[in-house]
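Notes follow the structure.
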Protein chains: 2
Amino acid sequence: MAYTTQQKLIVSAVIEKSNRPLTPLDICEAAKVEFPLLGIATVYRSLKQFVGEGSVRLVEVPGAPPHYEHVSRPHHHFFLCKQCKQLFDLVGCVRGIDAMAPSGFQVDSHEIVLYGNCPDCLAA
Amino acid sequence: MAYTTQQKLIVSAVIEKSNRPLTPLDICEAAKVEFPLLGIATVYRSLKQFVGEGSVRLVEVPGAPPHYEHVSRPHHHFFLCKQCKQLFDLVGCVRGIDAMAPSGFQVDSHEIVLYGNCPDCLAA
DNA sequence: ATAGATGCAAAGAGTTTGCATAGGT
DNA sequence: ACCTATGCAAACTCTTTGCATCTAT
């Protein structure tokens with residue numbers, strides 16, 4: 001059974017409080033503010049546990065490194081700006097996407113990513 | 001200006017003849033059949049050149065390592081089987097996907113991936 | 001002849017793992 | 001007391017780079 005440690009509590013809190021998906025390094029650096037000795041290996045181990053328990057979701061966006069977010073964030077997809085490499089949330093979802101699979105395939109989930117330029121980069 | 005070498009011709013041919021996206025290692029091993037001395041570094045360097053020239057496309061699917069395919073393959077998306085980790089082509093594309101972006105965002109391209117179980121894995 | 005390409009090995013980035021120690025139960 | 005979690009460093013995977021050599025032009 002998993003223990004409740006200071007490190008995990010802080011890692012969990014960092015993810016839950018964030019309003020955007022974070023990389024393992026983002027999480028480690030944010031958590032180090034409160035727990036300077038925290039090692040990156042502990043962050044990876046905690047993330048693996050949280051994802052397994054279902055409280056944290058892995059966000060994999062082609063063109064960006066792996067990010068993690070709390071599952072309480074609603075189902076959404078992302079826009080990746082090719083210039084500034086920032087991830088933006090998209091609201092809503094396209095219906096009928098799962099129907100793209102040929103018959104015989106069982107679809108559990110889907111991922112959509114839009115690529116382009118964000119308003120700020122377009123202005124520059 | 002880039003030279004035309006045996007290595008690049010073979011790497012290019014391997015990608016063009018394949019009916020599915022390949023990883024750099026897939027490509028290296030296939031090319032070694034005709035050119036045993038070929039090094040993995042040359043494959044990576046060739047891929048970078050081809051992608052820059054626009055003859056090869058990088059296929060990034062969350063949950064799978066980077067794959068490459070020839071641009072002559074039509075625009076399509078993928079189905080990734082969670083069990084056997086194999087990539088399947090999807091035919092067609094959902095209209096109106098680019099409209100998911102908020103106003104002010106310029107959308108250049110998009111990526112869609114479906115996840116689930118393929119017929120073979122469902123049968124097992 | 002010359003500039004670019006190659007193969008090897010070493011270097012990097014990101015992630016995982018082994019092990020002795022610290023810490024939760 | 002016991003068993004798990006931690007921190008560090010080493011190991012691992014994938015990709016890139018430095019360098020001497022080779023090759024296409």
Side-chain angles (χ1 to χ4, degrees), chain A residues 1-15 18 20-69 80 85-87, chain B residues 1-15 18 20-69 80 85-87:
Chain A
M1 193 58 74
Y3 290 163
T4 305
T5 63
Q6 273 302 301
Q7 289 91 327
K8 283 181 189 168
L9 287 174
I10 293 170
V11 166
S12 182
V14 164
I15 299 169
S18 174
R20 64 185 185 88
L22 303 171
T23 65
L25 201 59
D26 287 339
I27 295 165
C28 191
E29 288 175 354
K32 269 186 175 169
V33 174
E34 295 184 39
F35 201 106
L37 283 186
L38 185 72
I40 187 75
T42 298
V43 173
Y44 280 104
R45 282 188 279 231
S46 300
L47 287 172
K48 190 180 253 183
Q49 182 194 325
F50 295 158
V51 170
E53 290 171 356
S55 62
V56 167
R57 180 165 42 222
L58 166 63
V59 176
E60 289 181 286
V61 171
H67 288 67
Y68 294 83
E69 67 179 3
L80 177 63
K85 301 289 177 188
Q86 229 184 305
L87 273 185
Chain B
M1 194 56 77
Y3 291 162
T4 303
T5 62
Q6 273 303 301
Q7 290 90 328
K8 281 181 190 168
L9 287 174
I10 294 171
V11 167
S12 182
V14 165
I15 299 169
S18 174
R20 64 185 185 87
L22 302 171
T23 64
L25 200 58
D26 287 339
I27 296 165
C28 192
E29 288 175 354
K32 270 186 175 169
V33 174
E34 295 185 40
F35 201 108
L37 283 184
L38 185 72
I40 185 75
T42 297
V43 174
Y44 278 104
R45 281 187 281 231
S46 300
L47 287 172
K48 190 180 252 182
Q49 182 195 325
F50 297 157
V51 170
E53 289 171 356
S55 62
V56 168
R57 182 169 37 226
L58 167 64
V59 176
E60 290 181 284
V61 171
H67 288 67
Y68 294 83
E69 67 179 2
L80 177 63
K85 301 288 177 191
Q86 228 183 307
L87 273 184

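In the text below, chain A, chain B and the rest are named by the order of the sequence lines, each starting its count at 1. Predicted, not measured: the structure shown is a model, and the values here were computed from it.
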Original post:
Which residue, B:I10, B:V56, B:I15, forms the side-chain contact (heavy atoms from CB on, under 4.5 Å) with B:I27?
Top reply: B:I15

Original post:
Hey, which of B:V14, B:V59, B:L47 is the one that makes side-chain contact (heavy atoms from CB on, under 4.5 Å) with B:L22?
Top reply: B:V14

**OP:** Classify the nucleic acid contact of A:P65 as base, sugar-phosphate or nothing, counting any heavy atom under 4.0 Å across all strands shown.
**Re:** nothing

Establish, with yes or no, whether the OP1 or OP2 oxygen of [N] is under 4.0 angstrom from a side-chain nitrogen or oxygen of [X].
X    : N      : answer
A:T5 : C:dG23 : no
A:T4 : C:dT25 : yes
A:Q7 : D:dG7  : yes

Original post:
Near DNA chain C, which residues from residues 35-46 of chain A have a heavy atom under 4.0 Å away?
Top reply: A:A41, A:Y44, A:R45

Between [X] ([atom1]) and [N] ([atom2]), how many Å, whole number?
X     : N      : atom1 : atom2 : value
A:I27 : C:dG14 : CD1   : P     : 14 Å
A:L47 : D:dA5  : CG    : C1'   : 15 Å
B:Y3  : C:dT2  : OH    : P     : 12 Å

Subject >> Contact nearer the 5' end of DNA chain D, comparing B:Q6 with B:P24 >> reply: B:P24

Subject >> Residue B:K8, side-chain atoms from C-beta onward, closest of C:dA5, D:dT25, C:dG24 >> reply: C:dA5

Original post:
Restricting to pairs with a member in residues 38-47 of chain A, which pass side-chain hydrogen bond (donor to acceptor under 3.5 Å, both in side chains), not counting sequence neighbours?
Top reply: none

**OP:** Can you measure from CD1 (A:I40) to NZ (A:K32) and round to the nearest 0.5 angstrom?
**Re:** 7.5 Å

Subject >> B:S55: partners by side-chain hydrogen bond (donor to acceptor under 3.5 Å, both in side chains), with sequence neighbours left out >> reply: none

Original post:
Tell me, do A:Y68 and A:P21 make a side-chain contact under 4.5 Å, heavy atoms counted?
Top reply: no

